[in-house]
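So that the names make sense, note that chain A is the first sequence line, chain B the second, and so on, each numbered from 1.
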Number of protein chains: 2
Amino acid sequence: MATGRTHRPATRSRGIPEATVARLPLYLRALTALSERSVPTVSSEELAAAAGVNSAKLRKDFSYLGSYGTRGVGYDVEYLVYQISRELGLTQDWPVVIVGIGNLGAALANYGGFASRGFRVAALIDADPAMAGKPVAGIPVQHTDELEKIIDENGVSIGVIATPAGAAQQVCERLVAAGVTSILNFAPTVLSVPDGVDVRKVDLSIELQILAFHEQRKAGEEAAAAEPGAVIQTPKESGKGPDGDVPAVMPA
Amino acid sequence: MATGRTHRPATRSRGIPEATVARLPLYLRALTALSERSVPTVSSEELAAAAGVNSAKLRKDFSYLGSYGTRGVGYDVEYLVYQISRELGLTQDWPVVIVGIGNLGAALANYGGFASRGFRVAALIDADPAMAGKPVAGIPVQHTDELEKIIDENGVSIGVIATPAGAAQQVCERLVAAGVTSILNFAPTVLSVPDGVDVRKVDLSIELQILAFHEQRKAGEEAAAAEPGAVIQTPKESGKGPDGDVPAVMPA
DNA sequence: CCATCTTTGTGCACGCGTTCACAAAGACAT
DNA sequence: ATGTCTTTGTGAACGCGTGCACAAAGATGG
């Protein structure tokens with residue numbers, strides 16, 4: 001999620017809830033897989049299972065886009081692929097720059113998922129002069145000095161930051177000043193941006209820490225169950241097993 | 001936040017809301033930075049600004065952990081660092097295996113954020129025999145055949161999947177069968193796991209698609225403001241439904 | 001044309017998360 | 001002590017997201 005002061009409170013984009021928007025790519029991926037298998041139609045139940053969500057949720061999500069299904073039959077796969085692609089803006093070409101070509105930046109440049117759907121790596125940018133000209137994923141790395149020119153000439157509006165944390169804010173400001181209005185940030189820092197600029201953050205270590213929290217909890221409960229005398233702060237569970245109703249983590 | 005969401009439904013672990021848990025690492029990072037600058041105390045307002053959240057939210061988050069602040073003064077930085085670390089389970093050592101040492105896997109292995117906080121890369125695993133023995137980030141890659149043995153001997157409970165999508169589910173099943181109960185998945189697939197196993201997903205292309213959605217909306221609004229009445233991006237109806245499609249832009 | 005069956009689309013209720021606003025608590029000066 | 005000032009901790013209201021459950025819509029068969 002965007003971490004800085006990033007979200008405009010009002011203006012629910014055309015009435016489509018943010019939670020729904022976040023799931024559309026998931027549906028799109030499942031639909032694409034079906035399309036490749038030449039499946040003509042799919043029911044909300046089947047598609048929901050493939051995407052790992054509740055079928056009622058999926059139907060409600062689709063209802064925000066319009067009535068694209070046929071009662072008694074389901075959804076036309078090809079048609080839905082097109083509608084969701086259009087809704088997400090994937091029918092147009094999005095030039096993207098990646099700043100910071102270290103291990104992660106190189107991985108991103110090589111990542112097939114980008115090119116596959118509307119996104120095109122317009123340039124790779126790094127501050128290290130030694131990197132300049134060196135090709136990564138078939139694209140020559142350019143020096144940070146060229147940043148503004150590259151963005152302007154290619155009409156780039158989406159930037160990916162894969163620099164060390166220390167450089168991120170500065171890079172961000174240059175990107176924004178040059179005209180970028182959407183940023184995907186991999187650096188472990190909170191970016192501050194002006195209104196009108198979207199920031200989404202991907203933080204590897206945060207994800208791991210969240211997993212560790214749950215892992216610890218699981219371990220604690222186990223220990224408590226095995227040795228009732230141990231004082232591990234767990235909620236009193238009326239005698240029966242600890243947390244008897246832990247739901248499936250992911251329907252998947 | 002990263003990710004695609006992969007939410008855990010209810011089950012407020014020990015009464016701490018999931019949303020709060022997801023923010024604790026953020027607070028921890030901000031606090032660590034303050035600690036390194038030897039700042040003794042910090043107010044909720046300052047810390048909230050540093051973490052990029054609302055101060056009331058931060059105070060409520062902390063209230064779930066206990067009353068660690070001093071009214072009229074703020075929070076003791078060192079004390080809070082310790083409390084949050086303990087809460088997240090970072091005071092113990094978490095051995096982690098990374099499966100799939102491609103570009104991304106290598107980037108993860110080199111990522112400093114892991115080792116810095118409780119996490120230790122116990123092993124790198126890849127299916128390619130040619131990779132075996134080759135050191136990445138100073139750790140020799142081991143073949144997938146060794147997976148079960150490695151997990152067992154190191155007591156690994158957290159696994160990171162950085163394989164291609166096609167291999168992810170199979171790798172996941174082997175990890176789970178071998179005893180892993182928390183998985184961080186970078187492969188663009190929905191993993192299905194048994195109850196009791198946590199999965200968090202990080203999907204680069206989904207994040208980009210969400211940005212594209214907002215970007216498209218911004219562009220549409222701009223155009224609509226500049227030239228009211230103009231129909232942006234008329235979808236070309238290819239065969240299907242006769243419904244006169246909704247324009248991609250809301251009416252000015 | 002009618003009956004039946006399937007599946008969508010959605011009204012509704014519920015619970016979680018966010019935010020406001022303020023009383024309580026402590027620091028500090030007088 | 002007493003009063004003032006700062007900042008925490010939280011009750012309460014509100015809004016969003018989720019999931020149930022069902023009526024409406026269309027397909028299908030007789």
Novice: Using nucleotides 12-14 of chain C, report all nitrogen or oxygen pairs with the protein that are shorter than 3.5 Å.
Specialist:
{"residue": "C/dC12", "atom": "N4", "partner": "A/Lys60", "partner atom": "NZ", "Å": "3.2"}

Novice: Which residues satisfy the side chain to side chain contact (heavy atoms under 4.5 Å, CB included) test with A/Val96, sequence neighbours excluded?
Specialist: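 With sequence neighbours excluded, A/Val96 shows a side chain to side chain contact (heavy atoms under 4.5 Å, CB included) to A/Phe119, A/Ile158, A/Val160, given in chain and number order.
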Novice: Would you mind reading off the distance between B/Leu58 atom CG and D/dT7 atom P, rounded to a whole angstrom?
Specialist: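 In whole Å, D/dT7 P and B/Leu58 CG are 14 Å from each other.
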Novice: Could you list by number each residue of residues 66-78 of chain B showing a heavy-atom separation from DNA chain D of less than 4.0 Å, or answer none if no residue does?
Specialist: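 Heavy-atom contacts with DNA chain D come from B/Ser67, B/Tyr68, B/Gly69, B/Thr70, B/Arg71, B/Gly72, B/Val73, B/Gly74, B/Tyr75.
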Novice: Salt bridge (charged side-chain N to carboxylate O under 4.0 Å, His left out): which pairs involve residues 19-29 of chain B, sequence neighbours left out?
Specialist: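 Passing the test, one end in residues 19-29 of chain B: A/Asp203-B/Arg29, B/Arg23-B/Asp61.
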Novice: Which nucleotide sits closest to the side chain of B/Ser63: D/dT10, C/dT18, D/dT18?
Specialist: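 It is D/dT10.
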Novice: Consider the side chain of A/Ala56, meaning its heavy atoms from C-beta on, and name the nucleotide among C/dG17, C/dT19, D/dC20 that approaches it most closely.
Specialist: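 For A/Ala56, the side-chain atoms sit closest to D/dC20.
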Novice: D/dT8 phosphate, OP1 or OP2: any side-chain N/O from B/Ser44 under 4.0 angstrom?
Specialist: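 So the side-chain polar atoms of B/Ser44 do come within 4.0 Å of the phosphate oxygens OP1 or OP2 of D/dT8, strictly under.
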Novice: Rounded to the nearest angstrom, tell me the gap between atom OH in A/Tyr64 and atom P in C/dT8.
Specialist: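 From A/Tyr64 OH to C/dT8 P: 17 Å.
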Novice: Any side-chain N or O of A/Asn54 below 4.0 angstrom from OP1/OP2 of D/dG17?
Specialist: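 No, outside the criterion.
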Novice: Between atom CD in B/Glu45 and atom P in D/dC5, what is the gap in whole Å?
Specialist: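 It is 19 Å, rounded to the nearest whole Å.
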Novice: Can you tell me how far P of D/dG17 sits from CD of A/Glu18, to the nearest Å?
Specialist: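 In whole Å, D/dG17 P and A/Glu18 CD are 8 Å from each other.
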Novice: Taking atom C1' of D/dT6 as reference, at what distance in whole Å does atom CD of B/Glu46 sit?
Specialist: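 B/Glu46 atom CD is separated from D/dT6 atom C1' by 12 Å.
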Novice: Starting at NZ of B/Lys57 and ending at P of D/dG11, how long is that distance when rounded to a whole Å?
Specialist: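 Nearest whole value for this atom pair: 20 Å.
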Novice: Could you tell me which residues satisfy side chain to side chain donor-acceptor pair (under 3.5 Å) with A/Thr41, sequence neighbours excluded, listed by chain and number?
Specialist: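 A/Thr41: no side chain to side chain donor-acceptor pair (under 3.5 Å) contacts found.
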Novice: Under 3.5 Å, is there a donor-acceptor pair linking the side chains of A/Glu173 and A/Gln169?
Specialist: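 Distance-only check passes for A/Glu173 and A/Gln169.
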Novice: Got a sec, which residues hit side chain to side chain contact (heavy atoms under 4.5 Å, CB included) with A/Glu46, two or more places apart in sequence or on another chain?
Specialist: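 A/Val42, A/Ser43.
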Novice: Who passes ring pair (Phe, Tyr, Trp, His ring centres under 6.0 Å) against B/Phe186, sequence neighbours left out?
Specialist: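 Here no residue qualifies.
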Novice: So, using ring pair (Phe, Tyr, Trp, His ring centres under 6.0 Å) as the criterion, who are the partners of B/Tyr68 when residues are at least two apart?
Specialist: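 In terms of ring pair (Phe, Tyr, Trp, His ring centres under 6.0 Å), with neighbours along the sequence ignored, B/Tyr68 is linked to B/Tyr79.
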Novice: Rounded to the nearest Å, what distance is computed from the CG atom of residue A/Asp61 to the C1' atom of nucleotide C/dT10?
Specialist: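 It is 13 Å, rounded to the nearest whole Å.
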Novice: Using only side-chain N and O atoms of B/Arg59, determine if any of them is under 4.0 Å from OP1 or OP2 of D/dG11.
Specialist: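 For D/dG11, neither OP1 nor OP2 has a side-chain N or O of B/Arg59 closer than 4.0 Å.
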Novice: Starting from P on D/dG17, measure out to CD1 on A/Ile16 and report it in whole angstrom.
Specialist: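 That distance rounds to 12 Å.
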Novice: Who are the side chain to side chain contact (heavy atoms under 4.5 Å, CB included) partners of B/Glu78, not counting sequence neighbours?
Specialist: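 Scan of B/Glu78 (side chain to side chain contact (heavy atoms under 4.5 Å, CB included), adjacent residues dropped) gives B/Ser35, B/Asp76.
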Novice: With no hydrogens and no angle check, just 3.5 Å: does a side-chain donor-acceptor pair link B/Arg59 and B/Ser44?
Specialist: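 Present: a donor and an acceptor within the cut-off.
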